[in-house]
Amino acid sequence: MTNAQIAAVFEEIADLLDFQGANAFRVRAYRNAARTVGDLHETIDTILADPNRKLTDIDGIGDDLAAKIATLARTGDLPMRQELLAEVPESVLALLRVPGLGPKKAAALHKQLKINSLDELREACLAHRVQELKGFGVKTEQTILAGLEIAGAAQERLLWAEADDYCQALLTHLRACRSLEQIAPAGSYRRGRDTVGDLDILVVSSDAGEVMDRLGAFAGVADVLARGDTKMSVRLAAGFQVDLRVVPAESFGAALQYFTGSKQHNVVLRGRAKARGLKINEYGVFRDEQYIAGRTEEEVYATLDLPCFPPELREARREFDWAEAGELPVLVEQNQIQGDLHMHTTATDGAATLDEMAAAALARGLKYIAITDHSKRVTMANGLDATKLRRQWAEIDKLNERLKGLVVLKGVEVDILEKGGLDLDDDVLADADWVVASVHYGQNQPREQITKRILDAIANPHVSAIAHPTGRLLNRRKPYDVDLDAVFQAARTHRKLLELNSHPQRLDLDDVACAAAKQHGVPIVISTDAHSVDGLDKLRYGILQARRAGLTKADVANTRPWAEMRKLIGQ
DNA sequence: GCCGTTTTCGGCCCGACTGTTTTCAGTCG
């Protein structure tokens with residue numbers, strides 16, 4: 001089983017236990033294990049195959065979970081899971097995904113009304129049977145009915161870039177409040193996650209009512225879910241929830257820290273506070289009810305002798321270990337990027353000409369770019385054959401004679417063919433300055449086959465990098481089943497680079513995979529895959545993910561001048 | 001189920017809001 005499959009089993013077990021009303025900390029242990037396994041830098045099989053290593057060395061994995069992981073890896077299932085499924089039908093887990101329904105209420109519905117599915121739940125609500133139950137009432141029944149609509153509406157997380165649009169619009173809207181003193185977004189948006197479930201906004205204001213009224217008047221608001229003295233939640237017509245918190249100025253840093261999360265990061269932080277006789281909540285850091293810090297995040301972290309972690313690192317992955325060892329990475333920044341090595345022009349499926357792309361790159365301060373139009377196999381995009389490609393390269397030579405301050409590299413995005421091999425001959429590729437190889441067809445092939453195609457491409461001496469190495473499209477398409485461990489090792493051996501594609505729907509390699517590539521000593525190249533002039537501005541999305549992976553300037557190949565890049569890949 | 005500068009048992013982060021409860025449980029983040 002892959003790490004992701006093992007993680008999914010633990011998540012399912014956690015749901016099932018939750019439903020049964022099991023000890024919340026036991027449930028948490030399974031959820032933590034799911035996350036830990038999902039975030040690992042190497043496969044479980046690799047660790048199991050190494051006699052010098054034990055799964056229990058992994059934080060949060062004890063004897064019991066280690067045995068369960070080994071069983072899963074060996075047999076693909078767990079007796080415990082089957083036993084749980086015999087007690088709780090899998091279909092009732094859907095009840096837990098209805099907003100407002102937690103394990104207790106869901107279990108009551110299942111046990112007392114024999115409800116096994118969302119459809120049965122809807123019928124029971126419409127027949128007003130739910131409001132008869134103890135602990136339920138008319139309001140609860142209505143809330144469930146409304147929640148069913150949401151659960152049915154294929155609720156997806158927004159891409160970070162989409163959330164950013166809403167966020168900036170909301171901030172601008174709220175800044176019109178006269179009473180507003182401070183405002184900041186928090187949550188997974190601030191941590192730069194590739195997708196965002198909802199938006200958290202913090203404000204300091206002398207008049208909470210004014211700010212809440214103003215939020216309610218935002219054009220996109222569909223309903224007000226809750227409104228109290230300090231907290232308000234609304235749902236936008238797009239289905240996106242926005243939570244507003246109004247806090248006093250002396251608590252702003254504590255609240256920002258608290259609501260930025262992640263949840264797991266905060267659990268670790270609060271545990272550390274407790275060990276020092278301190279208490280941290282969204283109002284500040286307290287010793288014996290005595291406020292000692294909270295105005296800024298720096299102040300809050302300083303009470304625990306911790307640095308103010310960049311939000312992108314706050315995932316309880318490695319940041320606390322790094323801080324303790326004094327090795328917190330200095331994260332890469334967008335202004336350190338010198339070149340963009342993946343973009344298209346009107347020669348294939350781009351919207352801008354070669355000259356326009358070069359002018360736009362120059363205007364953005366880039367020192368070099370590679371034009372990497374598709375190869376002929378990508379017929380839909382009017383992919384180039386050898387003749388057309390060489391014609392484009394001749395144009396690039398002429399362009400370079402005129403250009404000052406920017407070098408345009410003769411590149412190509414060569415397709416890795418379904419049957420293996422590349423879509424252009426080696427003698428053509430040999431004349432390129434930069435070659436990215438990528439899979440567009442045969443994405444559903446079995447693991448061995450698709451992995452071999454990519455490994456062969458890496459071994460080709462003319463290939464510089466593999467573009468979007470897993471092919472995922474957020475909310476739309478799963479990554480292909482490629483053995484990334486093998487890809488990292490091959491890239492290391494052949495001195496090749498792996499791309500972090502900045503397109504907001506790709507962001508592939510993702511943060512976890514980028515961190516793993518770094519562990520393997522493989523540099524990442526952050527590219528835009530721009531299909532237009534504006535596409536060049538997507539770089540910031542890629543930078544955010546690289547930062548989440550803990551990458552520094554040195555880990556990102558295209559922070560170097562082109563001459564050094566060439567040496568890095570031995571070309 | 002995990003874990004240990006409270007160490008093999010007894011903790012495990014903390015508070016706002018809602019609804020149904022007449023003092024609090026459930027859910028959420």
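The chains referred to below are lettered A, B, ... by the order of the sequence lines, with proteins before strands, and numbering in each begins at 1.
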For the pair made of [atom1] in [X] and [atom2] in [N], what is the distance, rounded to whole Å?
X	N	atom1	atom2	result
F19(A)	dT27(B)	CZ	P	11 Å
R35(A)	dC2(B)	CZ	P	16 Å
K105(A)	dT20(B)	NZ	C1'	9 Å
R272(A)	dC3(B)	CZ	C1'	15 Å
L78(A)	dG1(B)	CG	C1'	14 Å
M232(A)	dT18(B)	CE	P	11 Å
D18(A)	dG26(B)	CG	P	13 Å
L244(A)	dC28(B)	CG	P	20 Å

Rounding to the closest angstrom, what is the interatomic distance between [N] and [M] at atom [atom1]?
N	M	atom1	value
dT7(B)	dG1(B)	P	24 Å
dC17(B)	dT22(B)	P	22 Å
dC14(B)	dT6(B)	P	16 Å
dT23(B)	dG29(B)	C1'	24 Å
dC2(B)	dT8(B)	C1'	12 Å
dG4(B)	dC13(B)	P	14 Å
dT27(B)	dT20(B)	C1'	14 Å

For [X], answer base if it contacts any base atom (sugar-phosphate contacts may also be present), sugar-phosphate if it contacts only those atoms, and nothing otherwise; contact means non-hydrogen atoms under 4.0 Å.
X	answer
T143(A)	nothing
L269(A)	nothing
G187(A)	nothing

Donor-acceptor contact below 3.5 Å, side chain N501(A) vs main chain D508(A): no
Under a 3.5 Å distance rule, please check whether Q264(A) uses its side chain to pair with a backbone N or O of E315(A) as donor and acceptor. no
Could you tell me whether D164(A) and R540(A) make a salt bridge, using a distance below 4.0 angstrom between a side-chain N and a carboxylate O? yes
Is K231(A) salt-bridged to E282(A), going by a charged N under 4.0 Å from an acidic O? no
Is the shortest side-chain N/O distance from T140(A) to OP1 or OP2 of dT27(B) below 4.0 Å? no
Using the closest heavy atom to pick a nucleotide of DNA chain B for each, name whichever of G102(A) or D63(A) lands nearer the 5' end. D63(A)
Ranking R26(A) and L225(A) by the position along DNA chain B of their nearest nucleotide, the one closer to 5' is R26(A)
Looking at the rings of F309(A) and F320(A), which for Trp means the six-membered one, are their centres under 6.0 Å apart? yes
Tabulated below should be each protein N or O lying under 3.5 Å from an N or O of nucleotides 6-15 of chain B; please produce it.
residue: dC12(B); atom: OP1; partner: K274(A); partner atom: NZ; Å: 2.0
residue: dC13(B); atom: OP1; partner: R28(A); partner atom: NH1; Å: 2.8
residue: dC13(B); atom: OP2; partner: R28(A); partner atom: NH2; Å: 3.2
residue: dC14(B); atom: O2; partner: Y258(A); partner atom: OH; Å: 2.8
residue: dG15(B); atom: OP1; partner: K279(A); partner atom: NZ; Å: 3.3
residue: dG15(B); atom: OP1; partner: N281(A); partner atom: ND2; Å: 3.2

Pairing nucleotide - dG29(B), Watson-Crick or G-U, each distance under 3.5 Å: dC14(B)
Name the orientation class of the two ring planes belonging to H265(A) and Y301(A) (parallel below 30°, tilted from 30 to 60°, perpendicular beyond 60°). perpendicular
Picking from dG1(B), dC3(B), dT20(B), which would you name as closest to the side chain of K139(A)? dT20(B)
Which nucleotide in the set dT27(B), dT18(B), dG1(B) lies at the smallest distance from any side-chain heavy atom of Y30(A)? dG1(B)
For D77(A) and Q82(A), which I'm curious about, is there any donor-acceptor pair between the side chains at under 3.5 Å? yes
If you compare all heavy atoms of V196(A) against all heavy atoms of Y189(A), which two are closest, and at what distance to 0.1 Å? CG2-CA, 3.9 Å
Check R191(A), R317(A), R193(A) against D511(A) for a salt bridge (charged side-chain N to carboxylate O under 4.0 Å, His left out) and give me the one that passes. R317(A)
